[in-house]
Number of protein chains: 2
Amino acid sequence: MEIQPLPRRRGRPPRQGEPRQDTREQLLRAGVASLTEKGFVATGIDEVLRSVGVPKGSFYHYFASKEAFGAELIDRYGAYFAKKLERHLADETLPAHLDRLRAFIADAQAGMARHDYRRGCLIGNLGQETGALPAAYSNRLNAVFADWQARVAACLKRAQANGEIAAQVDCERQAAFFWIGWEGAVLRAKLERRPRPLEIFVEAFFAGLQQR
Amino acid sequence: MEIQPLPRRRGRPPRQGEPRQDTREQLLRAGVASLTEKGFVATGIDEVLRSVGVPKGSFYHYFASKEAFGAELIDRYGAYFAKKLERHLADETLPAHLDRLRAFIADAQAGMARHDYRRGCLIGNLGQETGALPAAYSNRLNAVFADWQARVAACLKRAQANGEIAAQVDCERQAAFFWIGWEGAVLRAKLERRPRPLEIFVEAFFAGLQQR
DNA sequence: TTGATATTAGACCGCTCGTCTATTAAAAAC
DNA sequence: GTTTTTAATAGACGAGCGGTCTAATATCAA
């Protein structure tokens with residue numbers, strides 16, 4: 001008695017009920033999950049496809065190559081957090097701008113907790129792999145950091161204008177410091193599988209903002 | 001006319017002049033270089049061997065597996081920087097303990113500059129790859145951080161006893177903060193290929209130590 | 001009805017990776 | 001001085017990878 005492994009017919013499948021919602025989107029989601037956990041090099045296309053139950057042949061219908069796939073992931077991830085940042089930093093229900101930044105941080109922390117501290121930051125992860133990545137990635141990654149940093153800097157400046165931060169603070173520099181340290185904290189939190197590094201960094205960051 | 005590619009005879013080679021100084025050591029050095037640049041997964045054994053001019057077969061004479069090779073690299077790297085730390089933190093020619101820490105930092109910065117900001121921290125690099133690494137690595141990496149952190153904490157406590165730091169500073173916590181942020185800075189410095197992130201972090205770190 | 005297009009299955013190729021086996025020299029044992 | 005053991009190497013090997021291709025099948029527009 002042979003076990004029939006559900007022999008999927010080849011060719012475009014008939015749409016049954018759900019029109020197999022956006023395979024491309026699913027691939028991208030699975031890609032983010034894998035890249036944040038293991039990085040670009042360690043992530044295999046096959047593996048991404050398997051996790052979504054999509055056959056290999058489909059991949060190159062949606063993406064030109066693994067490199068193109070990764071590039072899109074970087075852009076999407078950058079845009080996703082830019083949006084998240086903006087949502088919090090423009091939250092009128094919080095009068096203090098620093099509290100808005102804190103809200104974003106809490107959101108990000110919750111995100112790490114939700115995945116049991118197994119996933120890091122896609123941008124930071126790929127940053128580490130620089131030496132093994134397509135050359136074009138570096139600029140993309142730096143651009144994302146520059147964008148995120150600019151948004152935080154703008155927030156700090158508004159806080160400064162609001163009297164929440166002393167006038168002599170260099171907001172641009174502090175924003176740079178924030179992302180430098182935050183990425184380090186995410187890295188450690190992932191390695192230790194717990195939120196402590198995030199908490200330590202955040203506490204120290206805001207303490208440093210106050211007195212100088 | 002065939003080009004004879006210097007057909008090395010198989011088997012143990014006769015010792016000629018130099019006894020082929022410590023192949024094992026060379027492999028480890030090349031390993032550090034590659035892992036700090038590209039990480040563990042992206043580093044191929046073949047590539048390490050080629051860079052040293054050693055044939056593939058030799059590798060498994062010296063190391064049980066790639067995993068064992070990596071484990072040894074982690075330990076060596078951890079010990080190397082522990083030693084470097086101790087050397088600076090016990091430097092009697094510098095009266096202020098904070099200056100000793102600064103000396104270590106300057107040393108590490110010079111190291112990055114020497115490699116043109118292409119190499120990061122081996123421990124931090126592997127930390128990012130956690131999801132794709134042998135499970136046993138995580139403990140090793142955490143142990144290294146714990147060791148480094150303890151040394152910095154001890155230094156800060158001596159500085160505190162010396163009146164260089166206010167009494168209410170939590171040295172243990174600050175030491176944790178230091179390594180969290182430093183790793184983030186190394187990551188960014190590598191990505192941007194310049195020392196700026198290191199400088200920004202160090203400045204902010206010491207500023208935070210002073211006033212609170 | 002016909003053709004063009006979207007989406008899939010899975011074979012295939014070239015390459016690299018980590019491991020293993022066979023081979024040879026040196027060193028130790030007898 | 002012969003034999004045995006160990007050190008060190010060369011290269012074969014199988015598995016898996018990323019990427020490509022052909023063939024198959026459905027949908028949609030003309």
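Predicted, not measured: the structure shown is a model, and the values here were computed from it. Values below: every heavy atom of this structure, side chains too, minus hydrogens, waters and symmetry copies. Below, read A as the first sequence line, B as the second, and so on, with proteins coming before strands; counting in each chain starts at 1.
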Residues 44-54 of chain B vs side chain to side chain donor-acceptor pair (under 3.5 Å), sequence neighbours excluded, gives B:Ser34-B:Glu47, B:Lys38-B:Glu47, B:Asp46-B:Lys56

Contacts of B:Arg100 meeting side chain to side chain donor-acceptor pair (under 3.5 Å) (sequence neighbours excluded), chain-then-number -> none

**OP:** Report which part of the nucleic acid A:Tyr62 touches: base, sugar-phosphate, or nothing (heavy-atom distance under 4.0 Å, all strands).
**Re:** sugar-phosphate

Applied to residues 63-87 of chain B, the ring-ring contact (aromatic ring centres under 6.0 Å, His included) test, sequence neighbours excluded, yields B:Phe59-B:Phe63, B:Phe59-B:Phe69, B:Phe63-B:Phe69, B:Tyr77-B:Phe81, B:Phe81-B:Trp148

ring-ring contact (aromatic ring centres under 6.0 Å, His included) pairs touching residues 107-136 of chain B, sequence neighbours excluded, are none

Residues at least two apart in sequence or cross-chain that pass salt bridge (charged side-chain N to carboxylate O under 4.0 Å, His left out) with B:Arg193, listed by chain then number, are B:Asp116

_Once you apply a heavy-atom cut-off of 4.0 Å, does A:Ala64 come out as touching a base, just sugar-phosphate, or nothing?_
sugar-phosphate

Ion pair check, A:Glu37 and A:Lys190, cut-off under 4.0 Å: no

Inset, instruction - Please determine if a side-chain N or O atom of A:His61 lies less than 4.0 Å away from the OP1 or OP2 oxygen of C:dT7. - result: yes

Here the distance between atom P of C:dT19 and atom CZ of B:Phe59, to the nearest Å, is 8 Å

request  = State whether A:Thr23 places a side-chain N or O below 4.0 Å from either non-bridging phosphate oxygen (OP1 or OP2) of C:dT8.
outcome  = yes

Between CG of B:Leu49 and P of D:dG11 the distance, given in whole Å, is 14 Å

note: B:Gln26, atom CD; D:dT9, atom P; distance rounded to Å ~ 10 Å

In whole angstroms, the gap separating P of D:dG19 from CZ of A:Phe69 amounts to 11 Å

Below 3.5 Å between N/O atoms, which protein atoms pair up with nucleotides 16-18 of chain C? Just atom names and distances, please.
unit_1 : atom_1 : unit_2  : atom_2 : d
C:dG18 : OP1    : B:Lys66 : NZ     : 2.9
C:dG18 : OP2    : B:Ile45 : N      : 2.7
C:dG18 : N7     : B:Lys56 : NZ     : 2.3
C:dG18 : O6     : B:Lys56 : NZ     : 2.7

